[in-house]
2 protein chains.
Amino acid sequence: MPEPAATTRPLAHPGSAEIRLEGVLHALSDPVRLSIVRELAAAAEELACSHFVLPVTKSTTTHHFRVLREAGVVRQTYRGTTKLNDLRRADLESLFPGLLDTVLTAAGAEAARLNVPAAGVRP
Amino acid sequence: MPEPAATTRPLAHPGSAEIRLEGVLHALSDPVRLSIVRELAAAAEELACSHFVLPVTKSTTTHHFRVLREAGVVRQTYRGTTKLNDLRRADLESLFPGLLDTVLTAAGAEAARLNVPAAGVRP
DNA sequence: GCCGAGGTACGAGAACCATCGTAGGACACG
DNA sequence: CGTGTCCTACGATGGTTCTCGTACCTCGGC
């Protein structure tokens, strides 16, 4: 085998053809997972699981990352003991053009709407 | 009260400010509900619940329409005994620009991909 | 070879959800 | 007023999901 490459342990990912729209929408409909995806989209590079500060335990974090991976939203690769996460932008874009960007924009708009009502409406 | 208008019984809808992205995505992540929304989008006018042919019983149909209504995706109004359904396009568009159209396009693409593999790949 | 840090597997429990059947309310039409 | 159609309410049930704690594994470095 001439290809140990960067990965050490195997991680099952769905192929592009296996990705289902309902699965993607469901994966994105959880607040924790949506925040993960938003942070991944904002970062220019892959992020380790340990980088994220989430309001759940480590076990639950693993669970959410698996849901995202099995839905085809993120790709995960081992790098030593740490696991790197990356959005599958190209796959999602070719399957559902514009979907990811639109959802990310919507999530940003909602975050701004909920967290920063700011001035002019109520004291 | 000078406004009996077209509605007879009251139906609770979330205001625009109450609509949450996660709720919308969750509402759209069910195949039955997604097919409802697709049909509503294709039709140029409001459709009665009884118009839809779904693989579930009437009770379950009621449930799905309620989920869509409470998520802010559809607006329902009574017209005699029948209930008319309409997409809340304007509200969704102003909250999450492009989201509905993108999801509908993606749903159409996926339907074409899954139902019509057609020629060239496998007999 | 051993330890620590990052992650996982395995239960396990609570909550939620989709589904159904049956009973019942609201309206139109006679 | 009675009857039928459309839809709803109310359980009830089985499945999925979110959450956790604990024990375990894998890798890198000492």
Side-chain angles (χ1 to χ4, degrees), chain A residues 4-13 20 22-37 39-40 46-86, chain B residues 4-13 20 22-37 39-40 46-86:
Chain A
T7 74
T8 51
R9 277 168 287 174
L11 273 173
H13 288 78
R20 302 273 283 116
E22 295 90 330
V24 173
L25 294 177
H26 174 248
L28 297 177
S29 70
D30 183 278
V32 175
R33 289 193 291 263
L34 188 55
S35 76
I36 291 174
V37 172
E39 197 160 351
L40 274 178
E46 300 170 291
L47 294 178
C49 289
S50 56
H51 173 269
F52 294 84
V53 182
L54 301 171
V56 294
T57 66
K58 218 184 292 196
S59 311
T60 308
T61 301
T62 297
H63 161 70
H64 284 308
F65 273 107
R66 174 161 45 190
V67 172
L68 286 171
R69 187 184 73 234
E70 292 179 345
V73 178
V74 306
R75 169 163 286 123
Q76 300 189 294
T77 53
Y78 279 108
R79 171 82 172 255
T81 68
T82 74
K83 194 156 67 172
L84 295 180
N85 301 276
D86 197 14
Chain B
T7 75
T8 52
R9 277 168 288 173
L11 273 174
H13 288 79
R20 301 274 281 113
E22 294 90 330
V24 173
L25 293 178
H26 175 248
L28 297 177
S29 70
D30 183 278
V32 175
R33 290 193 290 264
L34 188 56
S35 77
I36 291 175
V37 172
E39 196 159 352
L40 273 178
E46 299 171 292
L47 294 179
C49 290
S50 56
H51 172 269
F52 294 84
V53 182
L54 301 171
V56 293
T57 66
K58 219 180 282 200
S59 308
T60 308
T61 301
T62 298
H63 162 70
H64 284 307
F65 273 107
R66 172 161 47 189
V67 172
L68 286 172
R69 186 184 72 235
E70 292 179 345
V73 178
V74 306
R75 171 164 284 122
Q76 300 188 292
T77 52
Y78 277 107
R79 172 84 171 253
T81 67
T82 75
K83 194 156 68 171
L84 296 179
N85 301 276
D86 197 14

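A, B, ... follow the sequence lines: proteins, then strands. Residue 1 opens every chain.
- Going from atom CZ of A/Arg79 over to atom P of D/dT26 covers 20 Å, rounded to whole Å.
- Nearest to the side chain of A/Ala48, among C/dG7, D/dC18, D/dC7, sits C/dG7.
- Out of C/dA18, C/dG7, D/dC20, the shortest distance to the side chain of A/Val56 is found at D/dC20.
- Rounded to whole angstrom, the span from the NE2 atom of A/His26 across to the C1' atom of C/dC16 amounts to 10 Å.
- The distance from atom CG of A/Leu11 to atom C1' of D/dC25 is 14 Å, rounded to the nearest whole Å.
- Taking for each of B/Leu84 and A/Val32 the nucleotide of DNA chain D with the nearest heavy atom, the 5'-most of the two is the partner of B/Leu84.
- Here A/His63 lies in heavy-atom contact (under 4.0 Å) with a base.
- Here the CZ atom belonging to A/Arg69 is positioned 5.0 Å from the CG atom belonging to A/Leu11, to the nearest 0.5 angstrom.
- Minimum heavy-atom separation, B/His26 to B/Arg33: O-NH2, 3.4 Å.
- The distance between atom CZ of B/Arg69 and atom C1' of D/dC7, rounded to the nearest whole Å, is 12 Å.
- Rounded to whole Å, the distance from NE2 on B/His51 to C1' on D/dC7 is 17 Å.
- Looking at heavy-atom distances under 4.0 Å, B/Thr62 makes contact with a base.
- Residue A/Ser59 is in base contact, counting any heavy-atom pair closer than 4.0 Å across all strands shown.
- For B/Arg66, a side-chain nitrogen or oxygen approaches OP1 or OP2 of D/dA9 to under 4.0 Å.
- Spacing between atom NE2 of B/His64 and atom P of D/dC7 amounts to 16 Å, rounded to whole angstrom units.
- Side-chain proximity of A/Arg33 to C/dA18, D/dC7, D/dC18: nearest is D/dC18.
- Heavy atoms of B/Thr60 sit under 4.0 angstrom from at least one base atom.
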Q: Could you give me the CA-CA distance, side-chain angles and deciding distance for B/Thr62 and B/Ser59, then say whether side chain to side chain donor-acceptor pair (under 3.5 Å) is met?
A: CA-CA 5 Å; B/Thr62 298; B/Ser59 308; over 6 Å; no
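- In this structure, A/Leu40 CG and A/Phe65 CZ are separated by 6.5 Å, a value rounded to the nearest 0.5 Å.
- One interatomic measurement links the two molecules: CG of A/Asp30 to P of D/dT16, which rounds to 18 Å at whole-angstrom precision.
- As a whole-Å value, the separation of B/Leu68 CG from C/dC17 C1' is 14 Å.
- The structure places CZ of B/Phe52 at 5.5 Å from CG of B/Asn85, a figure rounded to the nearest 0.5 Å.
- The B/Thr81 side chain lies nearest to C/dA26 when the options are C/dG7, D/dC7, C/dA26.
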